Protein chains: 2
Amino acid sequence: MLTNSRLVHQPHDHGRCIDAALNRALALCAERNARMTPTRESVLRLLWQSHQPLGAYQLQDQLATLLGKPIAPPTVYRAIEFLMALGLIHRIASLNAYLGCPFPNSEHSNLFMICTHCGSAAEVTHSPLNDMLQKASDKANFTLQSQTLELFGLCPQCSDTNNGVQP
Amino acid sequence: MLTNSRLVHQPHDHGRCIDAALNRALALCAERNARMTPTRESVLRLLWQSHQPLGAYQLQDQLATLLGKPIAPPTVYRAIEFLMALGLIHRIASLNAYLGCPFPNSEHSNLFMICTHCGSAAEVTHSPLNDMLQKASDKANFTLQSQTLELFGLCPQCSDTNNGVQP
DNA sequence: AATGTTATGTTATAATATAACATCTATTTC
DNA sequence: GAAATAGATGTTATATTATAACATAACATT
Ligand SMILES: [Zn+2]
Ligand SMILES: [Zn+2]
Ligand SMILES: [Zn+2]
Ligand SMILES: [Zn+2]
């Protein structure tokens with residue numbers, strides 16, 4: 001079970017998360033001949049400021065503040081589109097929100113564990129789960145193409161005590 | 001694996017689907033002292049006209065046509081809210097659309113298999129899958145509360161040949 | 001009939017997302 | 001380096017999905 005769960009749901013040196021994400025992104029761009037422009041990089045950084053999914057208009061606000069000038073929705077959505085195409089971020093359908101992907105290269109089950117209290121979200125890749133979904137699909141003669149798997153509940157921090165909100 | 005998959009993805013006597021759904025709904029309303037009003041019944045019927053999830057504004061159009069008078073969004077959303085509260089319908093987050101539930105009483109995993117070609121959607125309840133999700137949550141110290149599980153792919157009809165769209 | 005409760009009508013607006021076209025910037029080609 | 005091209009951003013308008021707020025109507029209980 002490959003996951004960033006422990007990291008997400010615990011206090012940690014978060015600067016590393018951002019740096020690592022940026023480095024993965026730059027490597028992937030080099031590999032694919034894609035351009036990591038300042039706008040795109042800013043959006044990716046904003047999505048890695050926390051481990052909580054952000055909505056497009058939250059991103060818009062924060063981007064406008066960061067760049068010190070008004071930003072229109074298409075700018076944000078274009079960056080999102082670009083980053084999604086590279087697999088650098090995911091969309092959380094239940095939340096209409098976006099989240100940095102911790103392992104953009106590897107195979108994905110796209111399973112998310114999202115805390116209903118503090119909002120943090122961990123991503124999980126779980127082969128047995130994928131196998132089971134594949135089998136269930138086979139059994140129903142359903143040709144599986146993609147999947148949206150979002151779990152809601154309390155993260156370790158928030159279920160332990162009522163610790164309040166995450167850094 | 002409890003599912004309406006075979007029914008959904010094959011030609012069938014669809015009048016029965018609607019009648020059965022209505023009967024289940026009426027029984028549940030009686031049980032819960034809830035009122036199945038004409039508007040609510042119409043919305044439920046519309047959602048059972050096909051096995052394809054419908055958006056709120058599609059419902060609005062169809063309801064307006066059916067009732068022969070203009071219908072405002074809140075009317076539709078109120079009916080949706082009521083039917084969801086009773087577990088008679090589900091929301092498909094990836095589609096912003098709503099779908100009748102084929103087994104509103106039983107335990108739910110809320111797993112959907114949605115055809116990307118014809119749009120039909122089957123619901124599946126799968127205990128081993130739920131167990132596995134519960135275990136994965138436990139392992140991550142995540143207190144599972146609810147889940148959104150949506151699979152996209154080709155239904156038996158659409159993957160077999162290029163049969164085109166479903167009745 | 002009077003009262004309280006539940007449902008619907010109505011208007012306006014919030015929140016999320018995209019279309020269409022103009023302009024600019026970087027990359028390549030000559 | 002200038003011209004041509006492709007890629008990225010700016011700008012305006014609008015589509016799509018969902019809810020807030022308040023008025024009216026229907027129903028139920030007494
Ligand atoms: Zn971090
Ligand atoms: Zn939490
Ligand atoms: Zn049917
Ligand atoms: Zn199909």
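Every heavy atom of this structure was used, including side-chain atoms; hydrogens, water molecules and symmetry mates were not. Bear in mind that the values here come from a model prediction, so they are computed numbers and not experimental data. Numbers restart at 1 for each chain; the letters A, B, ... are given by sequence-line order, proteins then strands.
When the P atom of C:dA15 is taken as reference, atom CG of A:L59 falls 16 Å away, rounded to whole Å. The nearest whole Å value for the distance from the CD1 atom in A:I71 to the P atom in D:dT11 is 9 Å. D:dA15 atom C1' lies 14 Å from atom CG of B:D61, rounded to whole Å. Atom-to-atom, CE of B:M36 to P of D:dC27 comes out at 16 Å; the value is rounded to the nearest Å. A straight line from CD of A:Q60 to C1' of C:dA14 spans 14 Å, rounded to a whole angstrom. Between the CG atom of B:L95 and the C1' atom of D:dA18 there is a distance of 16 Å, rounded to whole Å. Rounded to a whole Å, the CD atom of A:Q58 is 17 Å from the P atom of C:dA14.
Within the structure, every side-chain polar atom (N or O) of B:T39 is placed at least 4.0 Å from both OP1 and OP2 of C:dA7. An OP1 or OP2 oxygen of D:dA28 is reached within less than 4.0 angstrom by no side-chain nitrogen or oxygen of B:R35. One finds no side-chain N or O of A:N96 lying less than 4.0 angstrom from the OP1 or OP2 phosphate oxygen of D:dT17.
Comparing D:dA18, C:dA17, D:dT9 against the side chain of A:Y98 picks out C:dA17 as the nearest. Candidate nucleotides D:dT11, D:dA18, D:dA8 were compared by shortest atom distance to the side chain of A:R40, and D:dA8 ranks first.
At distances below 3.5 Å, at least one donor-acceptor pair connects side-chain atoms of B:Q52 with backbone N or O atoms of B:C118. The backbone N or O of A:S94 sits less than 3.5 Å from a side-chain atom of A:E150, completing a donor-acceptor pair. Checking side-chain atoms of B:H90 against main-chain N and O of B:G100 turns up no donor-acceptor pair under 3.5 Å.
Taking a 4.0 Å limit (strictly below) on heavy-atom distances, residues 74-88 of chain B reaches DNA chain C at B:P74, B:T75, B:R78.
Nearest-nucleotide mapping onto DNA chain C: of A:R91 and B:K69, the residue sitting toward the 5' end is B:K69.
For A:E123 against A:N4, the heavy-atom pair with the smallest separation is N-OD1, 2.8 Å. Taking all atoms of both residues into account, the shortest heavy-atom contact from B:S106 to B:L2 is OG-CD2, 4.0 Å.
The existence of a salt bridge linking B:D19 and B:R16 is excluded, since no basic side-chain nitrogen approaches an acidic carboxylate oxygen closer than 4.0 Å.
Evaluation of B:Y57 against the base of D:dT16 yields no stacking contact (centre distance < 5.5 Å, interplanar angle < 30° required).
Taking the six-membered ring for Trp and the full ring otherwise, A:H9 and A:H51 have centroids separated by 6.0 Å or more.
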